[in-house]
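The structure appears below as structure tokens.
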Amino acid sequence: MLRGRARRVREAHTGTGDDPLDAAQERRVRAVLALGGVPQADLPDGVQQVRLRLLERAASGREAPRDVAAWAAVVASNLAMDWHRAKRRQERLGERLAALREPAHPSGEDSSVLSLAVAQGLDELPDAQRQVVVLRFYADLPVRSIAEQLGVPEGTVKSRLHTAVRALRARLHEDEVV
């Protein structure tokens with residue numbers, strides 16, 4: 001996850017005699033990354049990321065941080081959080097893919113009755129509510145994307161979803177499906 005930019009730092013840094021991080025700062029960065037839960041195998045890439053950000057800062061003309069060690073520790077901490085976010089995204093994606101591969105099917109008759117009741121309930125919803133329900137639960141789009149696609153505020157999408165789900169739930173209880 002950290003490898004691409006780290007390689008560019010090594011390539012850009014090769015041949016220069018001045019390392020933006022001294023040995024003590026590098027140890028501190030490694031410690032912050034390790035304490036942040038980054039695996040040992042990714043620590044060198046994390047250190048290189050910190051170097052890259054320091055070099056990019058200098059290349060952009062901004063002055064060096066007053067306390068490079070503290071700045072590097074904060075950057076390392078942010079990298080550790082980014083690593084965990086990326087890992088969680090991958091885990092969620094894996095779970096979603098696994099769920100698609102092995103759907104839990106209720107018994108055939110129960111599934112047919114439920115599908116029919118939901119379809120009838122959807123038909124009774126106003127067009128705007130039906131549209132957001134289909135986009136959210138059948139197309140699996142996030143609220144933000146639905147709002148962008150429809151050109152309405154996110155709050156409107158949420159309100160329509162809430163009202164539609166409440167109506168569908170009432171319909172399913174009315175018909176004694178659930």
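A side chain to side chain donor-acceptor pair (under 3.5 Å) check over residues 139-148, counting only residues at least two apart or in different chains, returns the pairs R96-D140, R144-E154.
Summarising the geometry of G46 relative to L79, their closest heavy-atom pair is O-CD1, 3.6 Å, with the distance given to 0.1 Å. Residues W71 and R57 share a closest heavy-atom pair of NE1-NH1, 3.6 Å. Heavy-atom minimum distance, A76 versus V32: CB-CG1, 3.7 Å. Across all non-hydrogen atoms, the minimal contact from V50 to A72 is CG1-CB, 3.8 Å. Considering all non-hydrogen atoms of both residues, L43 and A34 come closest at CD2-N, 3.8 Å. Nearest heavy atoms, P65 versus L54: CD-CD1, 3.9 Å.
Residue E91 places its CD atom among more than 12 non-hydrogen atoms of other residues, nucleotides or ligands, all under 6.0 Å distant.
Here the straight-line distance linking atom CG of L161 with atom CG of L135 works out to 9.0 Å at 0.5 Å rounding. Of the inter-residue distances, the one linking D42 atom CG with Q48 atom CD reads 13.0 Å to the nearest 0.5 angstrom. Note that the CG atom of N78 and the CE atom of M81 stand 4.5 Å from one another [nearest 0.5 Å]. Distance check, rounded to the nearest 0.5 Å: CZ of R160 to CD1 of I146 gives 11.0 Å. Atom CZ of R51 sits about 11.5 Å away from atom CD of Q49, to the nearest 0.5 Å. Here E26 contributes atom CD and R30 contributes atom CZ; the two are 5.5 Å apart, rounded to the nearest 0.5 Å.
Listed for the E124 side chain is no donor-acceptor partner under 3.5 Å among the backbone atoms of G121. Put simply, the side chain of R136 gets close to the backbone of L141: a donor and an acceptor are under 3.5 Å apart. Judged by distance alone, with hydrogens and angles left aside, the side-chain atoms of R130 form a donor-acceptor pair with the main-chain N or O of L125 at under 3.5 Å.
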Determine, stepwise, if the pair R28 / Q25 fulfils side chain to side chain donor-acceptor pair (under 3.5 Å).
CA-CA 5 Å; R28 185 174 187 183; Q25 293 164 339; over 6 Å; no
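Checked against V132 for a side chain to side chain contact (heavy atoms under 4.5 Å, CB included), the options V157, V165, T163 give a single hit: V157.
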